[in-house]
Q: 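Submitted below is the structure of interest, expressed as structure tokens.
Keep in mind the model is a prediction, meaning the values are calculated, not measured. The residues of the chain are indexed from 1 along the displayed sequence.
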Amino acid sequence: MILSKVKVIATGSNRTRLINKLNNEKIVIYNLVTNEKTTFWIKQNDIKQLKEFADIYGISLEIVSSTGLTKILFNVYKNLPYMIAVMLFSVVLIVCSQFVYNVKVEATNDIYANKVETLLKENNFSGRILKKKINLKEVENLILNSVNEVSFATCYIEGFSLKVKIIANDPPKSAETKSDLTSLYDGVVTRVIVRSGTSEVMPGQTVKAGEILIGGYHIADNTPSDGEESGERYEVSADGEVYGKVYTHKRFVIPKRNYAFVKTGKSTIKRQLGFNNLTILKSGKSPYEFYETQTREIKLFGILPIKIVTIEYFEMSRVEIEQNAYIESLKNKFDSEFMASMNSDSKLLAKNYEIKEVEGVKYLDIFYETEQRLDNGGHYY
């Protein structure tokens with residue numbers, strides 16, 4: 001066996017005596033260099049004696065390098081955590097590759113895709129499933145026998161997913177719904193456009209939510225020769241548009257002490273590790289009392305069903321602000337939210353603010369007047 005060698009640096013006033021002692025004891029020294037310090041190589045199994053003699057002569061030793069088996073063992077020890085991680089990853093990969101973790105159904109029609117997904121869940125094809133327990137032909141037959149609209153189905157396993165592709169007939173067209181158009185809001189009618197059916201309201205009329213705006217019927221104008229009218233009623237699908245003024249009221253409590261939150265510039269990043277739908281390593285609590293968060297999520301389904309979530313916590317400082325400034329910020333905030341929630345065919349006509357105090361509590365009341373479509377569009381799905 002070839003023994004390892006170790007490079008040693010010796011410092012102290014008795015270095016020469018130490019070298020002579022090693023020679024007398026037949027301890028082989030390699031590449032001896034003496035300047036301000038003495039450097040040499042020695043066999044690994046002579047290190048113990050070297051240290052004993054160094055203690056006798058008051059010499060300080062520093063081992064700076066090694067060769068052979070010692071170096072190999074050192075490198076193995078230094079990289080041991082990475083080697084363990086690679087080994088564990090390999091074991092996990094091998095184990096995980098035996099399972100599927102999700103079912104993906106591909107279809108041109110979402111209605112039938114949802115039916116197939118529900119069917120598979122009811123038959124325990126969800127969550128983690130051992131691949132060898134999945135009979136693809138049986139899954140295909142299950143779909144074809146249970147969902148009448150599906151004319152073709154093929155199943156295969158790809159990575160960690162059970163993939164299902166289906167071909168189905170187009171969804172049957174729903175029969176024309178003969179119904180009324182009703183109001184979604186309380187309001188005052190401004191415009192009525194009837195394409196089919198009979199108007200039940202007129203401009204200026206006040207209506208309540210749920211009230212019929214356009215009836216799903218038509219009265220035939222049958223006027224006989226004698227001048228008497230005997231109109232017949234026909235059911236039709238109500239179609240049209242009814243617009244009106246809608247009044248919206250929002251109330252907010254104004255606290256006696258008002259605060260705003262501003263970023264301090266400090267932030268902390270924490271990560272959370274999940275496997276499939278299970279959280280393995282939690283991110284922990286925020287290090288700040290007041291904070292905002294920004295979350296980024298990475299899914300590694302192509303390699304492993306692993307989800308890495310990065311959460312950045314931004315420290316916020318609570319600053320007390322003057323009450324009028326707080327009220328103005330409330331107005332701006334909820335004005336922006338209200339405008340964003342309006343439909344594209346809606347129009348803001350007016351708004352009004354009122355501040356009142358009731359039994360020691362101060363309120364901000366905001367009133368919005370809008371013109372918007374009142375009807376429900378005739379959809380009853």
Q: Checking the side chain of S336 only, and the main-chain atoms of N332 only, is there a donor and an acceptor separated by less than 3.5 Å?
A: yes
Q: Which of parallel (below 30°), tilted (30 to 60°) and perpendicular (above 60°) describes Y291 and Y313?
A: perpendicular
Q: Kindly confirm or rule out a cation-pi arrangement of R17 over Y57, judged by NZ or CZ under 6.0 Å from the six-membered ring centre and within 45° of its axis?
A: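 The answer is no, since R17 fails at least one limit relative to Y57.
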Q: How far apart are the closest heavy atoms of A153 and I143, and which atoms are they?
A: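 That would be CB-CG2, 4.2 Å.
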Q: Do the charged groups of K333 and D335 touch, with an N to O distance under 4.0 Å?
A: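 Salt bridge between K333 and D335, a charged N being under 4.0 Å from a carboxylate O: no.
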Q: Do V8 and T39 have side-chain heavy atoms sitting under 4.5 Å apart?
A: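 No, their side chains stay 4.5 Å or more apart.
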Q: Is the charged tip of K331 near the ring of Y353: under 6.0 Å from the six-membered ring centre and within 45° of its axis?
A: yes
Q: Just how far is it from atom CZ of R373 to atom CG of L213, taken to the nearest 0.5 Å?
A: 10.5 Å
Q: Identify the two heavy atoms, one from I27 and one from I42, that lie closest to each other, and give their separation to 0.1 Å.
A: CG2-CD1, 3.6 Å
Q: Assess whether salt bridge (Lys or Arg N to Asp or Glu O under 4.0 Å) is satisfied between E241 and R195, documenting all intermediate values.
A: CA-CA 8 Å; E241 298 172 18; R195 285 186 285 268; 3.4 Å; yes
Q: Which pair of non-hydrogen atoms, one from C155 and one from L136, has the smallest distance, and what is that distance?
A: O-CD1, 3.7 Å
Q: Could you see if Y156 belongs to whatever hydrophobic cluster contains V103? Use Ile, Leu, Val, Met, Phe, Trp, Tyr and a side-chain cutoff under 4.5 Å.
A: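 No; tracing contacts between hydrophobic side chains, which count when under 4.5 Å, never links both residues.
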Q: Could you check if a side-chain atom of T295 sits within less than 4.5 angstrom of a side-chain atom of T310, using non-hydrogen atoms only?
A: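 Heavy-atom side-chain distance check fails, nothing below 4.5 Å.
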Q: Quick one: do I157 and F125 end up in the same hydrophobic cluster if we chain Ile, Leu, Val, Met, Phe, Trp and Tyr together by side-chain heavy atoms under 4.5 Å apart?
A: yes
Q: Would you sort out whether E320 and R257 count as a salt bridge (Lys or Arg N to Asp or Glu O under 4.0 Å), showing the intermediate values?
A: CA-CA 7 Å; E320 187 169 359; R257 301 185 69 179; 2.9 Å; yes
Q: Taking side chain as C-beta onward, heavy atoms only, is L142 less than 4.5 Å from L119?
A: yes
Q: Could you measure the distance from the CG atom of D345 to the CD atom of Q372? Nearest 0.5 Å is fine.
A: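 So the CG of D345 and the CD of Q372 are separated by 8.0 Å.
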Q: Can you tell if the side chain of Y112 reaches within under 4.5 Å of the side chain of I166, non-hydrogen atoms only?
A: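 Side chain of Y112 against side chain of I166, heavy atoms only: contact under 4.5 Å found.
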Q: Is there a chain of hydrophobic side chains (I, L, V, M, F, W, Y, each step under 4.5 Å between heavy atoms) that links L330 to I355?
A: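 Same cluster.
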Q: Give me the atom names and distance for the closest heavy-atom approach of K256 to G360.
A: CE-O, 4.1 Å
Q: Grab the two heavy atoms, one from N102 and one from S161, that are nearest each other, plus how far apart they are.
A: OD1-OG, 2.9 Å
Q: Are H218 and Y234 an aromatic pair, judged by ring center distance below 6.0 Å?
A: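 So the answer is no for these two rings.
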Q: So, D180 side chain and T182 main chain: donor-acceptor pair closer than 3.5 Å or not?
A: no
Q: Could you tell me whether E62 and K37 make a salt bridge, using a distance below 4.0 angstrom between a side-chain N and a carboxylate O?
A: no
Q: Before giving the answer on side chain to side chain donor-acceptor pair (under 3.5 Å), spell out for E211 and S183 the whole-Å C-alpha distance, their side-chain angles and the decisive distance to 0.1 Å.
A: CA-CA 5 Å; E211 189 172 332; S183 181; over 6 Å; no
Q: Judged by atom type as modelled, is there a donor-acceptor pair below 3.5 Å linking the side chain of S196 to the main-chain atoms of S237?
A: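 Judged by distance alone, yes, a pair lies under 3.5 Å.
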Q: Please round to the nearest 0.5 Å and tell me the distance separating atom CD1 of I311 and atom CD of Q272.
A: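 That separation rounds to 5.5 Å.
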Q: Charged N to carboxylate O under 4.0 angstrom, E149 versus K115?
A: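 Answer for the salt bridge query: yes.
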Q: Kindly indicate whether the side chain of M342, heavy atoms from C-beta on, has any atom under 4.5 Å from the side chain of T370.
A: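 SC-SC contact between M342 and T370 confirmed.
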Q: Are any non-hydrogen side-chain atoms of L374 and V189 less than 4.5 angstrom apart?
A: yes
Q: If you measure from CD on Q205 to OG on S199, what distance do you get to the nearest 0.5 Å?
A: 8.0 Å
Q: Hey, could you give me the CD/OG distance between E235 and S179, rounded to the nearest 0.5 Å?
A: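 OG of S179 is found 10.0 Å from CD of E235.
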Q: Is it the case that the side chain of K131 and the backbone of L162 share a donor-acceptor pair, with hydrogens and angles ignored and the cut-off at 3.5 Å?
A: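 Checking the backbone N and O of L162 against the side chain of K131, no donor-acceptor pair under 3.5 Å is found.
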Q: Please determine if R128 forms a cation-pi arrangement with Y101, meaning its NZ or CZ atom is less than 6.0 Å from the six-membered ring centre and no more than 45° off the ring axis.
A: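 No.
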Q: Flag yes if L22 and I56 sit in one hydrophobic cluster, no otherwise; membership is Ile, Leu, Val, Met, Phe, Trp, Tyr, and two members link when side-chain heavy atoms are under 4.5 Å apart.
A: yes
Q: Can you see whether Y288 engages T264 through a side-chain donor-acceptor pair at a distance of less than 3.5 angstrom?
A: no
Q: Just checking K163: does its NZ atom have more than 12 heavy atoms from other residues, nucleotides or ligands closer to it than 6.0 angstrom?
A: yes
Q: Do Y326 and E328 have side-chain N/O donor and acceptor atoms under 3.5 Å apart?
A: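 Side chains of Y326 and E328: no pair found under 3.5 Å.
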Q: Ring pair (Phe, Tyr, Trp, His ring centres under 6.0 Å), that's the test. Do F338 and Y368 meet it? Break it down for me.
A: CA-CA 9 Å; F338 183 78; Y368 299 100; 3.9 Å; yes
Q: In plain terms, say whether E369 and K351 are close enough for a salt bridge, that is, a side-chain N and a carboxylate O under 4.0 Å apart.
A: no
Q: Step by step, would you call R15 with T38 a side chain to side chain donor-acceptor pair (under 3.5 Å)?
A: CA-CA 7 Å; R15 286 174 287 159; T38 299; 3.3 Å; yes
Q: Identify whether F334 and L349 are in the same connected component of the hydrophobic contact network (ILVMFWY, side-chain heavy atoms under 4.5 Å).
A: no
Q: Please determine whether a side-chain nitrogen of the Lys or Arg among E25 and K21 lies less than 4.0 Å from a carboxylate oxygen of the Asp or Glu.
A: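 So E25 pairs with K21 through a salt bridge.
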Q: Less than 4.0 angstrom from a charged side-chain N to a carboxylate O is my criterion; do D365 and K250 meet it?
A: no
Q: Less than 6.0 angstrom from the centroid, inside 45 degrees of the normal: does K356 satisfy that with respect to the ring of Y363?
A: no
Q: Quick one: closest heavy-atom pair of E200 and Y217, and the distance?
A: OE2-OH, 2.6 Å
Q: To the nearest 0.5 Å, what is the distance between CD1 (I129) and CG (N124)?
A: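 Answer for the CD1-CG pair, I129 versus N124, is 8.5 Å.
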Q: How about K245: does its NZ atom have over 12 heavy atoms from other parts shown lying under 6.0 Å from it?
A: no
Q: Just wondering, do M316 and E292 contact through their side chains at under 4.5 Å, heavy atoms?
A: yes
Q: So, do V150 and I167 sit near enough that their side-chain heavy atoms are less than 4.5 Å apart?
A: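 They are not in side-chain contact.
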Q: Check each of L50, I47, D55 against L61 using the side-chain contact (heavy atoms from CB on, under 4.5 Å) test, and report the only one that passes.
A: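 When side-chain contact (heavy atoms from CB on, under 4.5 Å) is applied between L61 and each of L50, I47, D55, only L50 qualifies.
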Q: When you measure from the centre of the six-membered ring of Y30, is the NZ or CZ of K5 under 6.0 Å away and within 45° of the axis?
A: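 Geometry flag: set, cation within 6.0 Å and 45°.
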Q: Just checking R251: does its CZ atom have more than 12 heavy atoms from other residues, nucleotides or ligands closer to it than 6.0 angstrom?
A: yes
